[in-house]
Each structure stands twice: as C-alpha cells, then as structure tokens.
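A short worksheet on the structure shown next.
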Amino acid sequence: MPQLSLISIVDGEYRTDLKCAACDLCSSPLLVTNCMPGTGPHNATYMIVGRSPDKGDDKIGRPMTGVNGRLLHEMLREAGINYNNCYFTNTLRCSPFETTIKERQWASCRDYFIKELEEVNPTVLIAAGAQAMTWLTGQTGLRKLRRRGLPCAISGQESRLVFPIEQPASLLNTRGPEQVVMRNSMVADLQWIREQTQSGNIMLGGDIPKDYRVAMTPQQADDILDEIETHDLLACDLETGSTEWEPMLFPYSNGRVVAVGFSWGPGIARAIPLYARGVDSFLLWTDKIYEHIKTRLAKIFREKKLFGQNFLSFDQKWVRSSFGVDFCNIDFDTMVAHYLLDEERGTHGLERLALVYTTMSPWKSLFALADTNNLCRYLCHDVDATWRLREVFEPMLSQKQKWLLQELLLPLSDVLMDVEYKGVRVADEALENLNGVLTKKIVSVTSRVRKRQQVRGWESVNNDEFNPGSPVQVADIMQNYMKLKCIKRTGSQAFSTDKEVLAHYNSRPFVADIEMWRRLMKLQSTYVEQTRRLLGEDGKAHTSYKVHGTVTGRISSSSPNLMNLPRNDTVAKILDDGSLIKSLFVPDEGQVLLQADYSQIELRVMACLSGDERFCGFFREGKDAHAATAAVVQSCLIEQVTKEQRQGAKKVGFGIIYGMGEESLIKSFVEEGNTESAARKFLSDHKTAFPGVWRYMGMQERMIRMQKYQETPFGRRRRYTEVNQESIRQAYNFPTQSTASDLTLLSIIRIYHAMKQLGIQARIVLTVYDSIILSVPMEKFWEVARIVKHLMESLSFHWLTVPIKVDLEAGMDWGHLKKVDLENQSFKSDI
DNA sequence: TCCTACGGCGCT
DNA sequence: AAAGCGCCGTAGGA
C-alpha cells in the first residue's frame with residue numbers, strides 16, 4: 001500500500017518535498033515535484049481530474065496551475081463554477097514527460113486517487129480529457145460522450161458520476177476563430193454540468209429495479225428456459241465471439257455463440273451462457289448439457305415471436321449457423337424503428353438509445369472485462385434495453401412508418417440476410433492473377449517515380465524515402481520543386497493534388513506517374529486486396545448490407561463494399577482489359593448472371609412527384625427523356641437533337657435532382673464549350689417548358705421551412721435542424737433518391753419470394769441501388785428473366801403515374817454483360 | 001499503441 | 001463546392 005498520509009493534504013496546505021515509494025517515477029530527474037497531491041476543499045462539489053501534471057504544474061507543485069490550469073480556471077469562472085467549490089487532482093501524481101506508464105505505476109496511483117476521492121467525497125467528478133475519462137469510466141470516445149453523466153468504473157466507486165470535458169490543452173492547438181468556437185463550447189459544457197449538478201437531474205441508480213438472472217448451473221439454465229417458454233413475445237440478443245485471434249470470416253467456423261439473452265418486460269432479463277470466455281469463467285458445461293440447452297433454445301427460436309436490435313442482419317445469421325433455424329418470427333426491431341423515427345447516421349446504437357429514451361445508465365464498459373459472467377450481465381442490459389425501447393418507439397411510429405417497418409424493412413432485412421449469408425462467388429484464381437499484375441505494375445511505377453530528378457532532389461533534402469501515397473509530399477514536390485501553380489486548395493487551404501489537379505498537369509512525367517500510381521493503388525488496395533481479405537472460407541464474398549445506413553433510405557454495403565466496384569470504362573483507363581475487376585464476380589456453378597436495372601428511375605420518380613405534364617408525357621410515350629427535353633427547349637424535332645444538346649439536357653436533369661445551384665449549372669455548361677448566354681437561355685427555356693418541375697422544387701424548400709421535415713409517398717422522412725443552402729439542396733434530392741430506392745427494395749422482396757414460391761433455384765446475389773443481380777440456372781433463364789422484369793415493372797401506386805421500365809442484361813460474369821432481348825430470346829452484342 | 005481527421009476516390 | 005455512400009493511406013495527437 002502507498003503511504004496514504006501523502007494525499008491527506010487538503011484544505012490549503014501544500015508540500016512539494018514528499019517522497020512516494022509506490023513506484024519509481026518520483027525519482028525522475030525531470031520532475032521538480034514528487035507525488036503531487038490534489039488541492040481544494042473537502043466536500044467540494046466538483047472534483048476535477050486531469051491525466052497528469054503538466055510542466056507548469058510540476059514547477060509550482062500544485063495541480064492545474066500551469067498554462068492549461070489557468071485556462072481551465074478562467075472557463076470555470078465563466079461557467080459559473082466557483083473555484084472554492086472545486087477540488088483539483090490528477091489520475092497520475094508523477095508523470096515524467098514522454099514516459100510510458102506501466103500498469104504497476106498506474107495501479108499505485110489509483111490507490112492514492114481512491115483514498116483522495118473518499119476523503120473529498122465530491123458530488124460529481126469532471127474528467128478533463130479523453131485519457132482521464134477512460135481511466136475513470138473505462139469508456140472511450142470523448143466526443144460522443146460529451147454532456148453525458150457516466151458511472152465511475154473504479155472498483156467500489158461505481159455510484160459516482162463522471163462528466164467528461166475536453167482537455168483545456170486542446171485549445172492551445174488551435175488558433176483564431178476556431179479557438180473561440182472551441183472555447184465557447186467547452187464553457188457551455190461546463191455550464192451544462194453545473195446546471196445538471198445543481199438541479200440533480202442526472203442521477204445514478206435512478207433506474208427501475210432490475211430482475212436480471214444468469215444461468216450459472218445446468219439446473220438454473222433449465223429453470224430459465226422453462227420461464228422463457230411461458231412467454232410468447234421476447235426481446236432477444238446473442239453475444240458471439242471468436243475462438244482465435246483472427247477475425248471471423250464466414251461461415252464463422254472460428255466463432256461461437258457465447259451467450260443468449262431474453263427479456264419479456266422492463267427491467268427483466270435472463271442470460272444463458274454457452275461458451276466459456278475469459279480465465280475467470282464459471283462455465284463448465286459438458287457436451288451433453290450444451291446440446292440439451294441448444295436444442296431447447298432452437299425450439300424457442302423456431303416457435304416464439306421475437307424482436308431485437310438489428311437482429312435480422314446480425315443475430316439471425318448466427319441462429320441459422322449455430323441453431324439450424326433459417327428464419328425467426330421477427331415482428332419488430334428497435335434499431336430499424338429508431339432509424340425510421342430519426343434517420344441521422346450513427347445514432348442507432350443500443351446504449352445511446354437507452355440513455356436517451358430510458359432511465360438506464362451506461363453498461364457498455366462491462367464488455368471490456370467480459371469474462372462469461374460480465375458478458376452475461378452485459379447481455380442482460382442489452383435485452384432489457386431492447387424491450388424498453390420497443391415500448392417507447394412503437395407508439396411513436398406513424399401509420400406509414402409502421403407500414404415501412406412491417407412491409408418493407410423487416411422483410412427486406414430477411415432477404416438481405418439470406419443474400420449475405422449465401423454470398424456471391426468470386427473467381428479466386430483470376431483474383432490472385434490480378435493481384436500479381438497490379439503488384440508488378442505498382443513496383444515498376446514506384447521505381448520509375450523514384451528515379452525522377454525532382455524526387456531525388458526531394459529525398460536528399462528531406463533525407464527520407466519519397467512516398468507517392470503522401471499528398472503532403474506530392475504537393476511539396478509539385479509546388480516547391482516543379483514550381484507548379486496551385487489551381488485548387490484542400491479544405492485546410494493546402495495545395496490540392498486531387499485527380500483534377502493531376503489531370504491538369506499530367507503532361508509532366510512525374511505528375512502522370514503519380515496519377516497512374518494512385519489509380520493502381522486504388523484498384524489493388526480497395527478492390528482486390530479487400531475482396532481477398534474478406535473472402536469467406538467458401539470462396540465467396542459475403543458483404544453486409546445496412547438498411548439503416550443512409551439518411552435517404554438507400555441501403556449501403558460494406559466489408560466488402562460491393563456497391564462501388566469500378567465500372568469497366570474506369571478500369572480501362574488503368575488496365576488493358578477494363579472488365580478485370582467486375583468479372584471477378586461470377587454466378588454459382590453452372591449458372592448465369594442476370595442483371596435487372598431500373599431505367600432512369602430517379603427521373604421517372606421526379607416526373608411523378610412533380611406532376612409536370614410534359615415531363616411525365618415523355619415517359620408515357622416511351623421517349624428518350626433527355627433528347628425530348630432538349631427538343632422542347634431548343635424548339636426542334638426530337639430527331640434533330642444533337643448529341644451535345646442531349647448531353648446538356650441530361651446535365652440539367654441530374655442537376656435538378658441533385659439540387660445544383662443555377663450558377664454552378666451555368667458554369668458546368670460553359671465548361672462544356674457553351675457560351676454563358678446560351679447556358680442562361682437554356683435554363684430559362686427549361687423553366688418555361690417544365691414549370692411543374694421547378695414548382696415542385698420550390699415546394700420542397702417551402703416544406704422544410706414550414707415543417708422542418710419532408711415525407712416521401714412511402715412515408716420516409718428526413719428532418720432538418722436548419723434551413724440553409726446545403727439543406728435546400730438536400731431537400732431537392734431526398735424525395736427522388738429515397739422513393740426510387742424504395743421501388744428497388746420492394747422489388748427485391750417480391751423477386752425473392754416469387755422465386756421461393758415457384759421453387760426456382762435462382763437467387764439474388766447482389767443489389768446496387770437501382771439494379772438487382774441474380775444467379776440463375778441456365779435452363780430457367782428465360783422464365784426468370786420474364787418474371788423479374790414483370791415483377792419490377794408491375795409495381796403499382798397511386799402516385800406512380802408513369803410506367804417504369806427495366807433493362808435486362810446477362811453474362812457469365814459481372815464484367816461481361818450483354819443486353820437481353822426477351823422478345824427474340826437472344827442477346828445483343830457488347831454494350 | 002490506438003484513435004481521429006483529412007485528402008482522396010470508387011459507385012449510383 | 002451538385003445528392004448519397006464506404007474505404008484507403010497518411011498525418012498528427014494523445
């Protein structure tokens with residue numbers, strides 16, 4: 001034990017000549033003060049905890065008296081927090097600059113801290129900076145935990161409340177207006193903490209009583225299972241874990257379901273562990289008991305009505321692989337429901353939702369010490385939160401949102417889960433070959449770059465190897481060694497070296513090399529290597545789709561992202577054969593890929609939503625919309641429209657959908673070689689010709705001004721906190737992008753179930769925004785093609801007043817697709 | 001050592 | 001800066 005008398009120095013008496021024997025840091029010659037005690041009154045309301053003394057503190061011998069400390073004092077005063085009400089201390093009493101602290105050293109300081117904490121007994125703790133916060137609460141991510149009361153994670157101190165704030169020192173790293181903004185927000189945070197503390201609003205232990213139980217013995221497991229079986233509706237969650245160090249790759253042969261949890265009411269939770277975790281685990285299930293529990297759980301998964309937090313896209317796969325139940329009866333999902341209520345990205349985490357919508361306190365830190373028992377306690381919190389959140393969210397959903405949940409997002413999640421689970425086949429040999437080819441090319445470009453005279457100069461000046469992947473170094477060479485004029489700046493006003501700039505200067509060999517190097521690296525690192533790394537043991541790519549990933553209602557794809565693979569024409573700029581990337585994705589053995597695309601779906605949706613008669617007419621009459629637009633604006637016959645005129649009309653069409661400002665539209669016209677007056681005339685003629693379109697756009701702006709949100713025909717909403725140029729552009733784009741996406745999503749569900757019902761072995765392998773790709777047995781090809789086209793085109797809604805059209809393509813891999821001619825049952829030559 | 005921000009770039 | 005994404009490597013702070 002450390003000498004506890006050291007920290008009893010409070011109430012204004014300081015000593016700097018103390019010797020602490022708890023660790024050896026005190027003896028560092030870099031330090032003036034040895035074992036710096038805290039300072040301030042007993043029973044202070046606020047105990048302010050930094051990481052360690054800074055140099056100024058060390059010189060003076062008291063915490064938070066240096067530059068940083070003075071800053072903090074100023075801000076405290078501005079926030080209305082009285083200095084006499086504060087006790088200042090640090091997690092570490094001695095911390096020689098740039099010394100790595102060992103666990104033993106941390107531990108000895110912790111004992112001082114606990115003693116000090118108990119003596120001072122503050123109302124709340126304020127953690128100054130991320131490190132102090134982590135030390136006190138076990139949690140990371142200071143930004144997202146601002147203005148949050150967290151439980152202290154130090155053993156025996158769990159009932160104490162910790163408020164994190166940014167480290168005052170971070171102010172010193174900024175300048176000018178940014179510094180003012182940051183400082184204001186820090187003062188505001190302190191003010192908020194004062195208000196919370198004075199009002200007593202945030203209290204730990206203010207939650208309802210908890211009835212959590214963990215099965216520690218086989219008998220208890222059976223009792224809990226008996227109990228679960230008496231309920232028909234259960235919140236459910238699974239904890240899974242890797243049995244090895246490697247990440248889990250499908251089909252998760254190195255992963256296990258570690259525990260299963262259920263809840264059937266607020267504050268009620270049960271957890272059943274299945275697989276021992278951590279050295280302290282109590283779990284000693286024999287194989288026989290394990291199988292017995294598994295069988296009983298499988299019955300629950302098959303028969304009960306369940307709901308969870310993102311259950312369908314995560315837990316369901318494990319239920320399938322570990323319990324043999326392919327689909328559960330899921331009637332709700334708290335994450336998806338919250339997404340419908342609030343589309344903002346990254347706000348759907350379970351703990352966050354529980355903090356906002358229930359009286360629960362954070363429990364995430366339990367996971368850090370996740371032996372079997374703690375993991376099960378963690379799981380109990382999860383399912384309890386899930387149950388409570390359903391009670392909160394369900395009544396909040398509008399009729400349309402209920403429809404979206406039940407008829408669109410839950411069925412869609414089922415389908416996407418199945419699509420992800422089965423995966424898409426990858427031509428692994430071709431993948432390896434391509435990787436080799438790219439490696440060779442990159443090596444050669446790299447060595448060529450390093451022989452360039454400018455690079456040699458740079459290397460000798462900097463005494464370092466030039467890295468073509470460093471925008472800083474590339475900019476340095478272009479600006480200072482080649483004396484190239486800056487034509488574009490980055491967000492931080494640095495010399496931009498993006499592809500536009502490189503293209504501008506690519507007559508210079510060095511710049512051309514960098515351009516090629518970047519393209520090659522992009523192909524290799526983002527597409528080839530990532531695909532390789534994430535390939536399952538079955539040689540397939542198992543992407544994961546998110547239905548809650550975007551503010552517009554589009555789905556997103558990740559690990560690997562199969563929605564941004566480079567098109568053939570892009571790859572052709574880099575490699576001789578442009579199909580090399582997409583052709584890596586192939587149908588199941590002996591089958592063929594069928595791709596069904598909605599043609600110009602966003603434009604059609606825009607026509608419907610705006611109700612512009614002329615624009616709708618183009619689609620009803622089956623005209624080429626862009627050419628027809630050009631014909632109207634130029635007052636000529638559609639046959640007389642030149643390629644350039646059509647291109648111009650197309651630009652306006654998309655410009656409108658994307659909320660492009662008039663000035664930028666005109667600018668892009670001029671860049672294409674038109675005169676400014678011609679561009680202006682085109683635009684004003686367009687407005688005259690399509691008044692409905694422009695009226696509709698104006699309506700969107702009024703909508704977000706008046707009610708602060710928009711709603712699509714399907715009931716998707718997008719909220720806006722303020723109205724500015726950015727939000728107005730978003731408002732122009734949202735209804736079309738969202739509604740077009742929903743049409744594809746509904747089609748995915750319909751196609752999936754049609755194939756199932758008809759017993760056809762064709763399956764959806766991919767989907768990219770407006771297209772659906774299936775792997776189809778050869779002999780069923782024409783039948784499937786006909787069904788898919790029909791299903792997609794026959795969607796019918798009262799607002800859908802123009803026909804929607806689907807183009808079909810097919811091929812033996814994704815890189816070689818040919819147009820399908822259904823009439824003649826033939827394929828048209830290369831596209 | 002980890003984490004975050006940034007510059008950059010692929011797709012619809 | 002024309003909407004919406006995911007992911008790469010670098011750079012810098014903690």
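FYI, side chains are in, hydrogens and waters are out, and symmetry mates aren't considered; it's all heavy atoms of this structure. These numbers were taken from a predicted model, which means no experiment stands behind them. Chain naming here is simple, since letters A, B, ... match the order of the sequence lines and numbering starts at 1 in each.
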If we ignore hydrogens and angles and just use 3.5 Å, is the side chain of R604(A) paired with the main-chain N or O of S599(A) as donor and acceptor?
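Side chain of R604(A) to backbone of S599(A), a donor-acceptor pair under 3.5 Å: yes, one is there.
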Kindly assign one of parallel, tilted or perpendicular to the pair [X] and [Y], based on the angle between their ring planes and the thresholds 30° and 60°.
X	Y	answer
F654(A)	Y658(A)	tilted
F466(A)	F510(A)	tilted
H348(A)	H548(A)	perpendicular

For the helix from dT1(B)-dA14(C) to dT12(B)-dA3(C), what angle lies between the axis at the first five pairs and the axis at the last five pairs, to 10 degrees?
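Both end axes considered, the difference amounts to 0°.
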Looking at [X], I'd like to know whether one of its side-chain N or O atoms comes within less than 4.0 Å of OP1 or OP2 on [N].
X	N	answer
K499(A)	dG10(B)	yes
S492(A)	dG7(B)	yes
T490(A)	dG7(B)	yes
S664(A)	dA2(C)	yes
R489(A)	dA1(C)	no

Please determine whether a side-chain nitrogen of the Lys or Arg among [X] and [Y] lies less than 4.0 Å from a carboxylate oxygen of the Asp or Glu.
X	Y	result
D498(A)	K488(A)	yes
E459(A)	R450(A)	yes
E663(A)	K667(A)	no
K819(A)	E809(A)	no
R729(A)	E701(A)	no

Donor + acceptor pair across side chains of S313(A), N310(A) (<3.5 Å)
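Distance-only check passes for S313(A) and N310(A).
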Regarding S727(A) and N724(A), do their side chains bring together a donor and an acceptor under 3.5 Å, going by distance alone?
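Yes, because at least one side-chain N or O of S727(A) sits under 3.5 Å from a partner of the opposite role on N724(A).
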In whole Å, I'd like the distance from the [atom1] atom of [X] to the [atom2] atom of [N].
X	N	atom1	atom2	result
Y658(A)	dC11(B)	OH	P	13 Å
Q710(A)	dA3(C)	CD	C1'	12 Å
I772(A)	dT12(B)	CD1	C1'	15 Å
E500(A)	dG7(B)	CD	P	15 Å
E602(A)	dG4(C)	CD	P	12 Å
Y527(A)	dC7(C)	OH	C1'	8 Å
I773(A)	dC11(B)	CD1	P	15 Å
E515(A)	dC9(B)	CD	C1'	13 Å

When you measure from every atom of DNA chain C, which of residues 554-572 of chain A have a heavy atom less than 4.0 Å away?
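R554(A), S556(A), S557(A), S558(A), S559(A), N561(A), N564(A) - these, ordered by number, are the residues of the stretch whose heavy atoms sit under 4.0 Å from the strand.
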Could you pull out all donor-acceptor pairs under 3.5 Å where a side-chain atom in residues 512-520 of chain A meets a protein atom, sequence neighbours excluded?
residue, atom, partner, partner atom, Å
D513(A), OD1, R448(A), NE, 3.2
D513(A), OD1, R448(A), NH2, 2.7
D513(A), OD2, R452(A), NE, 2.8
D513(A), OD2, R452(A), NH2, 2.8
E515(A), OE1, N506(A), ND2, 3.4
W517(A), NE1, T446(A), OG1, 3.1
R518(A), NH1, T497(A), O, 2.7
R518(A), NH2, T497(A), O, 3.3
R518(A), NH2, T497(A), OG1, 2.8

I need the residues from residues 727-744 of chain A with at least one non-hydrogen atom less than 4.0 Å from DNA chain B; give them sorted by number, or say none.
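Close to the strand, none.
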Would you say that F585(A) contacts L565(A) through its side chain, given a criterion of any heavy-atom pair below 4.5 Å between the two side chains?
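They are in side-chain contact.
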May I ask you to say what S771(A) touches in the nucleic acid, namely base, sugar-phosphate or nothing, with a heavy-atom cut-off under 4.0 Å?
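Nothing: the residue S771(A), judged by heavy atoms under 4.0 Å, touches no strand.
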Per-nucleotide protein contact along nucleotides 8-14 of chain C, 5' to 3', at a 4.0 Å heavy-atom cut-off (B base, S sugar-phosphate only, - neither), is SSSS-SS
Who pairs with K546(A) by salt bridge (charged side-chain N to carboxylate O under 4.0 Å, His left out), at least two apart in sequence or on another chain?
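In terms of salt bridge (charged side-chain N to carboxylate O under 4.0 Å, His left out), with neighbours along the sequence ignored, K546(A) is linked to no residue.
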